K.L.:
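The structure that follows is given in the form of structure tokens.
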Amino acid sequence: MSKLTKVASLVSIPVMASMLAACGGNGGSEGGASGESSGQPKVKLTMIESLSSPKRTEFLKQAIGEFEAQNPGITVELITPPLESADSKINQMFSAKQTLDVVEVRDVTVKQFVNNGYLEKLDSYAANWPDFSTLTASALTMAKDIDNTVYYIPYGIYQRQLFYRKDLFDAKGLSAPKTWEELYEVGKKLTDPAQNKYGYSFRGGSGAEQYITQIVQDYNGANVNPSDSVFNKDGSNIFSTPGAVEALELYKKIYKEISPPDSANWAFSEQVQGFTSGTTAMLIQDPDTIETVASSLEEGQWATAPLPTGPEGVSHFVLGSAGWGMTSYSEHKEEAWKLISFLSSPEQNLKFAKTSGVIPIHTTASEDEFFKTGAYAPYIQMAQEPDKYVGVKPFTNYKGYALYKQNGIEKGQAFIFGKISAQDLAKEFSDFWNKEKAQQQS
Amino acid sequence: MRGKAYAAERAVRLLVMAVYLVVMVFPLYWMLITSLKPQKDIFSLPIYYWPKTFTLANYENIFKITKFHVYIFNSVIVSLSAAVIVLAVATLSSYVLARHKFRGSGQIMFFFFLTQVIPAFIGFAPLYLMLSKMNLVNTTQGLILIYTVMGIPFSTIMLKGFFQRVPSSLEEAAQIDGCSRLGALIRVILPVMLPGLSATFIFSFVQNWNELFFSVIVINSEHLKTIPVAMNSFITKFDVDWGSMSAATVLSVIPTMILFALCQRLIVQGLTQGAEKG
Amino acid sequence: MNGSDRSVPAVIDKPRNSRSAIWFIAGCLAPAVLLVLVFTYYPMLRGVTMAFQNYTLFDLSDARFVGFGNFKEILDNPQFITALKNSVYWVFFSLICQFVLGFGIALLLKNRFFGRGFYQGMIFFPWAMSGFLIGLIWRWLYNGQIGVINNLLIKIGLIDTPIPFLSSPKWGMFAVITANVWYGIAFFAIMLLAALQSVPEEISEAAEVDGANRLQRLFRITIPYIMPTILTTVILRIIWIMNFPDLIYAMTNGGPAGSTHILATYMMDKIIFGGDYGKASAVGVVMMVVLVLFMVFYFAAARREKAGDF
């Protein structure tokens, strides 16, 4: 009997402790203003990030610290969910109208947030914001991505370029490929499966649709409509042209002949690791990869170059972006805007861009040496030839994009494994997008 | 002749068991040595099956970059509390289901069995809304509530088997001695049931200890996060931070292993009793 | 349900059942039944209604009822059929291997030997980790470039170049099933060991005297004796394995080309790609219907054989 009472008393301690612990934590969920003894109401903002990384979170906390010092009446709580589940958590919180004031909005989530009425229109705030006028054209395009209305202020632009192993290229007397065809030929020379060496870091897993889209766009040349980039200026969609089939055949050849067999199911991390570990000699990725590559490979071992082009000499890059938005139901909109505009100021944004490897949003940043030289240099070069390197808006505003993303993996893999032909794949995607377009217009 | 065959059989048996142990333990071994490797050696080729240099840097790191001690505390509180409540609730329900045959008792068992069939995803969004209305989002109690509800059906099924093994003459005698029904249960039956109870307890504790999905969505604040959420955060865009992940794995497995070790005799004894009736 | 247990009209196990007994039964059942009813069944029913709605996060204002539209669409999709077939493979092979190996280990562990306690402790170990973490670890072990398994196979000389276990439709299911077997053996080993230890020595000895050899004793005496445990653990495992997306999700994400999707991961995919809760719920409902039908047949068969305790 005494044994039992001992057990009972032992277990009751954690139960009680949990009550206490939970009471302490309760303030967080209720949020909002809490009266201070001085009578000065202190406003509490809640902010949630999505594309978090330990380094970035640390930077944000520091920036928030500065903001709080400048605005003694405001405190900010930063919520940092694990990367993989962040967006679904944000959605859950939205659907229950949980306290949130500032939220990380991504090109892939903005349309859905707007549809559901979660985001506040920021046009009137931006109109009175002096720094708005110095936004780059790309940043402005993405800020107004949906309905030509500012729903978020981007914190940076993601834009791809080519990374290559300069040492391996030099040893064979090769130079960075200018076209997809050249990429394949150069890669062929660098591939030696027996040594586990391959030309290219293929991506057949999550995110494959971006690479399929890119090469197909390039094979549609100057015809692609930059603001609706799965369609051409003549109204046809990019998968309906003969170029699309040609592009897909090359895409398959690139996998079969110059990429690791494993890469059929590679997603971002494997793709980058393939390059940094020395298995592959070429990689097409965003600027946030620069730092990882720099820390894994020696200087002089690698370099960057503009993206390969299609047969007409035109290349397309997607303007990827993410930034800070405000919830439509925030109770502290003035304060929330203060935080957003603080984080988006040229000074803060420049620091943020360097930390997280994105292209800064203000034109003033182009003066910065950091973005003019070294691994960032191809971006300047690409910007100087806008007819050759065409920036296009992602078409994530279609309802079917998510399904396209899934099919990019599943159908894309079926294609490279030879289960369906290039014609079939092109036809399938072509029909898919025509249907999406019709649905969107109705 | 017989002796020789016996020796051969023993050798085969030992061999099979050794192979099984190696296969079973290898992933744990791999986590352990990874956690003791310096960051740069973790993915080095050729693969080292024994660390070239030992370091505790990964362990120091997880306490430095995260509030790992806080997460451990939270996990202990949440897992223990929910397991205790589950035990109390399931003891009552399984006891009457084992002891009394009444109309609907079969259906109630089926009612508990059926919960196992429900995919966690399907009810999740409505459940979150309920928690939100009850102001339980981002609280330890909210998580305890969910884990309790998740644990009750299986524990009831398992404990019912244990109760059926205990002869009912025990509490009949106690009731004759003037104990109430509840009194008889607490004073006479439970002590006999200790092994079965601890087996059930540990099962639900471990389940709570490892739960990731609900914890990620329900908890926002850093100071309320549990270990699995923290570990999930070691998956970054670029790679899995295996240095931190392996160290956290080792640390998170230790408490459950200790619990197993402490209660092992009780568990095996308990399962032995319950096993006959499943 | 809460109504039915309060209004149980007659409690008829013993003559001394009285009003107080009814109250005792109701009081003991109420907390468990109510909690599960409110926090499991109610949200589930709400979730099930989504299966009949056009419920996607992309535009929640358009969440109209579409009847069986979601079901039609998923059943028309060849990917769903693949996932359904894979679910059968996944459950069947995982279960058979886990059961046979777990039973074997349990038989070996039945006799006392030096270090048995330690050994038992070590085989508990996979239980101490989450399915997701196990998936991550096995993904690393199976990796084509830096994975230990390929490295070992090359060292032994079985293969020359790494096998892309997780990136080839040929090997994908094999890889995830072996990982699942590794995870699940412990459950059967422990449960069946406990059951074996409850078999009275006398029965077995009597059979030995009658001249039955060991295999005969195993099938004629031991297995029938522990049948209730086998039946309960098997049905629980079938349900759990079917409902266990974590491992596959972490290892292959259902790929390549959807070749390792089971219904549970297929359902997750519907939510992750585009937040299509309507179709995800429809997949979930199909899964539940399949399992419930299976369960009903299983219980009926067990009852007919008077083998189980259901």
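Since the model is a prediction, treat every value here as computed from it, not as a measurement. Lettering follows sequence order; numbering is per chain, from 1.
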K.L.:
Chain B heavy atoms under 4.5 Å from C:Leu45: which part of the residue, side chain, backbone, both or neither?
P.N.:
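Neither part.
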K.L.:
Which bit of B:Val206 comes within less than 4.5 Å of chain C, counting heavy atoms only: side chain, backbone, both or neither?
P.N.:
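Only the side chain of B:Val206 comes within 4.5 Å of chain C.
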K.L.:
If we define contacts as heavy-atom pairs under 4.5 Å, which of C:Ser130, C:Pro126, C:Gly47 has the most with chain B?
P.N.:
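Of the candidates given, the most pairs with chain B belong to C:Ser130.
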K.L.:
Please classify the contact between C:Met129 and chain B as side chain, backbone, both or neither, with a heavy-atom cut-off of under 4.5 Å.
P.N.:
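Both parts, backbone and side chain.
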K.L.:
Which atoms of C:Phe244 are under 4.5 Å from chain B, going by heavy atoms: the side chain, the backbone, both sets, or neither?
P.N.:
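The answer is neither part of C:Phe244.
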K.L.:
With a 4.5 angstrom heavy-atom cut-off, is it the side chain or the backbone of B:Leu114 that approaches chain C, or both, or neither?
P.N.:
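For B:Leu114, heavy atoms of backbone and side chain both lie under 4.5 Å from chain C.
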K.L.:
Please flag which part of C:Val290 lies under 4.5 Å from any non-hydrogen atom of chain B: side chain, backbone, both or neither.
P.N.:
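Contact with chain B involves no heavy atom of C:Val290 at all.
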K.L.:
Looking at C:Met268 and B:Phe121, what are the two nearest heavy atoms and their distance?
P.N.:
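Nearest pair, atom of C:Met268 first, then B:Phe121: CG-CE1, 3.1 Å.
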K.L.:
Is B:Ile152 close to chain C through its backbone or its side chain, or both, or neither, when contacts mean heavy atoms under 4.5 Å?
P.N.:
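The side chain, not the backbone.
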K.L.:
Which answer fits C:Val285, side chain, backbone, both or neither, if we ask what part of it has an atom under 4.5 Å from a heavy atom of chain B?
P.N.:
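Both parts, backbone and side chain.
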K.L.:
Under 4.5 Å from any heavy atom of chain B, what part of C:Phe132 do you find: side chain, backbone, both or neither?
P.N.:
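Side chain only.
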K.L.:
Is the centre of the C:Tyr41 ring less than 6.0 Å from the centre of the B:Phe111 ring?
P.N.:
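Close enough - the centres of the two rings lie under 6.0 Å apart.
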K.L.:
Count the heavy-atom pairs under 4.5 Å between each of C:Leu192, C:Thr233, C:Leu152 and chain B, then report the option with the highest count.
P.N.:
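Highest number of pairs under 4.5 Å: C:Leu152.
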K.L.:
Is it the side chain or the backbone of C:Lys270 that comes within 4.5 Å of chain B heavy atoms, both, or neither?
P.N.:
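Neither; nothing under 4.5 Å.
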K.L.:
Counting only heavy atoms closer than 4.5 Å, note whether C:Met267 contacts chain B via side chain, backbone, both or neither.
P.N.:
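For C:Met267, side-chain heavy atoms alone lie under 4.5 Å from chain B.
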K.L.:
At a 4.5 Å cut-off on heavy atoms, which part of C:Ile134 comes close to chain B: side chain, backbone, both, or neither?
P.N.:
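Neither the backbone nor the side chain of C:Ile134 comes within 4.5 Å of chain B.
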K.L.:
Give, as side chain, backbone, both or neither, the part of C:Ala32 having an atom under 4.5 angstrom from any heavy atom of chain B.
P.N.:
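Both backbone and side chain of C:Ala32 come within 4.5 Å of chain B.
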K.L.:
Contact part of C:Phe294 toward chain B, heavy-atom cut-off under 4.5 Å: side chain, backbone, both or neither?
P.N.:
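Contact with chain B is absent: no heavy atom of C:Phe294 under 4.5 Å.
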K.L.:
Heavy atoms only: give me the nearest B:Ile122-C:Met44 pair and the separation to one decimal.
P.N.:
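Residues B:Ile122 and C:Met44, closest heavy atoms: CG2-CG, 4.0 Å.
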K.L.:
Using non-hydrogen atoms and a 4.5 Å limit, figure out which bit of C:Leu141 sits close to chain B: side chain, backbone, both or neither.
P.N.:
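For C:Leu141, the side chain is the part near chain B, not the backbone.
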K.L.:
For chain B, which candidate among C:Asn243, C:Leu101, C:Ile239, C:Val48 shows the most heavy-atom pairs at distances under 4.5 Å?
P.N.:
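Result: the option with the highest number of such pairs is C:Asn243.
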K.L.:
Please check if the number of heavy atoms outside C:Tyr55 that lie under 6.0 Å from its OH is greater than 12.
P.N.:
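Not buried by this count: 12 neighbours or fewer within 6.0 Å.
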K.L.:
Is it the case that the ring center of B:Phe154 lies less than 6.0 angstrom away from the ring center of C:Trp240?
P.N.:
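Judged by ring-centre distance (under 6.0 Å), C:Trp240 and B:Phe154 do meet the cut-off.
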